[in-house]
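Notes follow the structure.
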2 protein chains.
Amino acid sequence: MKSGLGAGGAQTIQRAVSLLREVSASRGRGARLTALAEAAELPVPTAHRLLAALTREGLLERDAATRGYRLGSLLYEFGLAASPDVDIRRLCASALQRLASETGDCAYVNARSGRDALCLDRREGSFAVQAAPVRIGNRRPLGVGSGALALLAILPSEEVDAVLESNARRYRRHGMSVDRVRVAVEATRARGFAVTTGRIVARFRGVALAVGNGVNGVPVALSVIAADERLDAPRIDRVVALLRREESALRAALTSELFSPAKGTLP
Amino acid sequence: MKSGLGAGGAQTIQRAVSLLREVSASRGRGARLTALAEAAELPVPTAHRLLAALTREGLLERDAATRGYRLGSLLYEFGLAASPDVDIRRLCASALQRLASETGDCAYVNARSGRDALCLDRREGSFAVQAAPVRIGNRRPLGVGSGALALLAILPSEEVDAVLESNARRYRRHGMSVDRVRVAVEATRARGFAVTTGRIVARFRGVALAVGNGVNGVPVALSVIAADERLDAPRIDRVVALLRREESALRAALTSELFSPAKGTLP
DNA sequence: GGATTTCTTCCACATTGTGGAAGTCGTCGT
DNA sequence: ACGACGACTTCCACAATGTGGAAGAAATCC
């Protein structure tokens with residue numbers, strides 16, 4: 001088989017992690033074998049064997065009813081130990097709170113993770129009733145969704161190209177295409193913030209703004225998602241103003257955080 | 001090589017996870033290659049290759065200064081997505097808070113994870129000044145430390161035997177032995193709670209109590225750690241009384257939680 | 001500055017992982 | 001209820017991948 005890029009000694013680990021990422025991209029109640037195999041570009045029996053091994057080790061769990069794979073408790077446990085010194089969620093908590101209560105809609109923090117956007121945290125406003133909302137920890141390809149688009153648009157163009165190429169297959173599965181994402185990136189750059197149409201998630205739109213140079217080197221974006229009829233042009237402007245305000249507040253908080261990093265559980 | 005138990009198709013994954021567990025057992029600033037290889041019972045070059053692959057994938061990070069391996073940010077990200085429906089940390093938060101403030105020492109929640117005890121959360125009291133405290137997410141072999149001992153002692157004897165055998169090598173690295181742990185288990189069962197001498201972590205003692213049938217099927221223990229001169233016999237009794245109180249409160253909270261599970265970020 | 005320990009690279013070998021094909025199971029639709 | 005389709009699992013011949021001893025760099029200690 002082709003081995004692709006200069007790996008030194010671990011096809012298996014690369015494949016396994018690739019499967020884990022695909023599982024954590026799946027919303028709802030677990031991802032099925034065939035879908036995972038396809039997404040990770042692996043033959044079904046191979047994916048099956050790897051998934052079984054990951055399950056045996058506790059990195060995955062299998063929903064008895066659905067037969068779908070979910071991230072396992074061992075990953076939660078590792079996550080506790082891997083908590084970063086600068087806790088982005090804690091830093092963004094109050095910003096999210098204000099955004100959600102002032103707009104009445106759902107406010108999100110997304111971070112870049114490789115070629116994915118990762119939902120770090122969210123806060124629901126009073127109006128928020130979404131069918132299958134993005135949950136904390138979920139991943140999507142950079143460019144798909146408002147937060148993910150804002151994150152993609154701030155990357156240097158050559159990196160954008162690399163991400164687009166790498167995600168080409170995945171865009172298709174989201175009903176997108178490389179070209180459409182590229183156009184959206186250009187529009188986002190010109191506009192200064194990201195908006196999505198109601199097409200990606202049916203009947204919902206998002207507005208997003210990337211945070212300066214990110215948090216601790218990690219690019220981060222704030223976004224607000226609402227039913228599309230609630231987000232007309234004037235309202236978008238108001239939401240963007242709120243996002244701008246929170247973005248500044250966050251940058252200020254970051255500066256002071258460098259001198260007094262708090263760690264551990266919230267009081 | 002001997003393959004040991006009935007694995008179906010993934011030596012590599014088993015070894016990789018084993019290394020991850022060892023990394024998350026290491027306190028301080030990262031675990032070194034040789035130590036990890038020894039702990040995971042792997043030849044050094046093999047461990048090196050696997051660790052390099054895990055690092056490349058983002059499951060591990062390497063401290064440039066120490067050359068030690070730490071859990072990587074991708075594990076933190078997976079951890080977010082893998083957060084359990086019943087959040088043990090949230091349930092125990094107030095119990096920890098009271099224990100820490102009333103004793104002035106360090107209060108911990110530990111859970112069982114395979115043959116390990118896992119530090120789920122901790123709260124420092126006013127007196128707590130530990131040199132190398134156990135951090136959230138750290139692992140130790142079941143039986144080493146007060147919380148870990150309480151967790152081991154509530155297991156059925158045959159399971160205790162299995163754990164003891166499996167951990168034999170690791171006890172040695174903690175200056176313990178299977179026999180000493182077994183004796184401690186008997187003593188813990190007779191006493192109804194676990195205490196440790198100041199020998200495991202120099203100059204510190206712990207008192208621990210397991211929580212009923214655990215939380216959501218996961219065995220859990222509450223513990224208080226203090227400098228050994230602070231923990232004389234009468235004070236131990238008082239701490240145990242506090243632990244008993246919190247243990248009951250926790251069991252009560254568990255019952256009501258079953259009917260109104262809260263999820264997501266705290267308000 | 002040399003000795004010791006720790007880490008990294010190398011490479012011949014075979015164990016482990018591979019994936020096509022075939023079998024089994026679960027789930028639809030009628 | 002039953003049959004037909006798709007999804008999951010098992011099987012196994014094959015070789016690519018992972019393996020680990022040995023030797024070569026780095027870093028660290030004395």
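Reminder, nothing fancy here: chain letters follow the sequence lines and each chain counts from 1.
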Working to the nearest 0.5 angstrom, can you tell me the gap between [X] [atom1] and [Y] [atom2]?
X      : Y      : atom1 : atom2 : result
A:Y171 : A:R180 : OH    : CZ    : 12.0 Å
B:Y76  : A:L118 : OH    : CG    : 9.0 Å
B:L51  : B:R62  : CG    : CZ    : 8.0 Å
A:T34  : A:H48  : OG1   : NE2   : 10.5 Å

message: So if I take the C1' atoms of five pairs at each end of the helix from C:dG1-D:dC30 to C:dT30-D:dA1 and get each local axis, what angle do the two axes make, rounded to 10 degrees?
response: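 If I round to tens, the end axes sit 60° apart.
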Protein-nucleotide distance ([X], atom [atom1]; [N], atom [atom2]), rounded to Å:
X     : N      : atom1 : atom2 : result
B:R49 : C:dC11 : CZ    : C1'   : 12 Å
B:Q11 : C:dA14 : CD    : C1'   : 12 Å
B:L50 : C:dT8  : CG    : C1'   : 15 Å
B:R67 : C:dT6  : CZ    : P     : 12 Å
A:Q14 : D:dT17 : CD    : P     : 11 Å
B:L19 : D:dT19 : CG    : P     : 11 Å
A:L51 : C:dG17 : CG    : C1'   : 15 Å
B:L33 : D:dG20 : CG    : P     : 14 Å

If the cut-off is 4.0 Å, is [X] near the phosphate of [N], judged by side-chain N/O to OP1 or OP2?
X     : N      : answer
A:R15 : C:dG17 : no
B:R32 : D:dT28 : no
A:H48 : D:dC8  : no
B:T46 : D:dT19 : no

- request: Under 4.0 Å between any heavy atoms, over every strand shown, what does B:T12 touch: base, sugar-phosphate, or nothing? Just pick one.
  value: sugar-phosphate
- prompt: Is any side-chain N of the basic residue among B:R205 and B:D228 closer than 4.0 Å to the acidic one's carboxylate O?
  reply: no
field: Lys/Arg-Asp/Glu bridge criterion (N-O < 4.0 Å) met for A:E38, A:R169
entry: yes
query: Taking for each residue the nucleotide of DNA chain D with the nearest heavy atom, is it A:R62 or B:P43 whose nucleotide lies nearer the 5' end?
result: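 The 5'-side residue here is A:R62.
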- prompt: Want to settle it: does A:T34 or A:I13 sit nearer the 5' end of DNA chain D, counting the closest nucleotide to each?
  reply: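 Taking each residue's closest nucleotide, the earlier one in sequence belongs to A:T34.
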message: Quick check for you: among D:dT9, C:dG19, D:dG20, whose closest atom lies nearest to any side-chain atom of A:V44?
response: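 Nucleotide nearest to A:V44's side chain: D:dT9.
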- prompt: In this structure, which one of B:R15, B:R173, B:R70 forms a salt bridge (Lys or Arg N to Asp or Glu O under 4.0 Å) with B:E22?
  reply: B:R173
task: Report the residue (A:A65 or A:L42) whose heavy-atom-nearest nucleotide on DNA chain C is the more 5′ of the two.
output: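 The residue whose closest nucleotide sits nearer the 5' end is A:L42.
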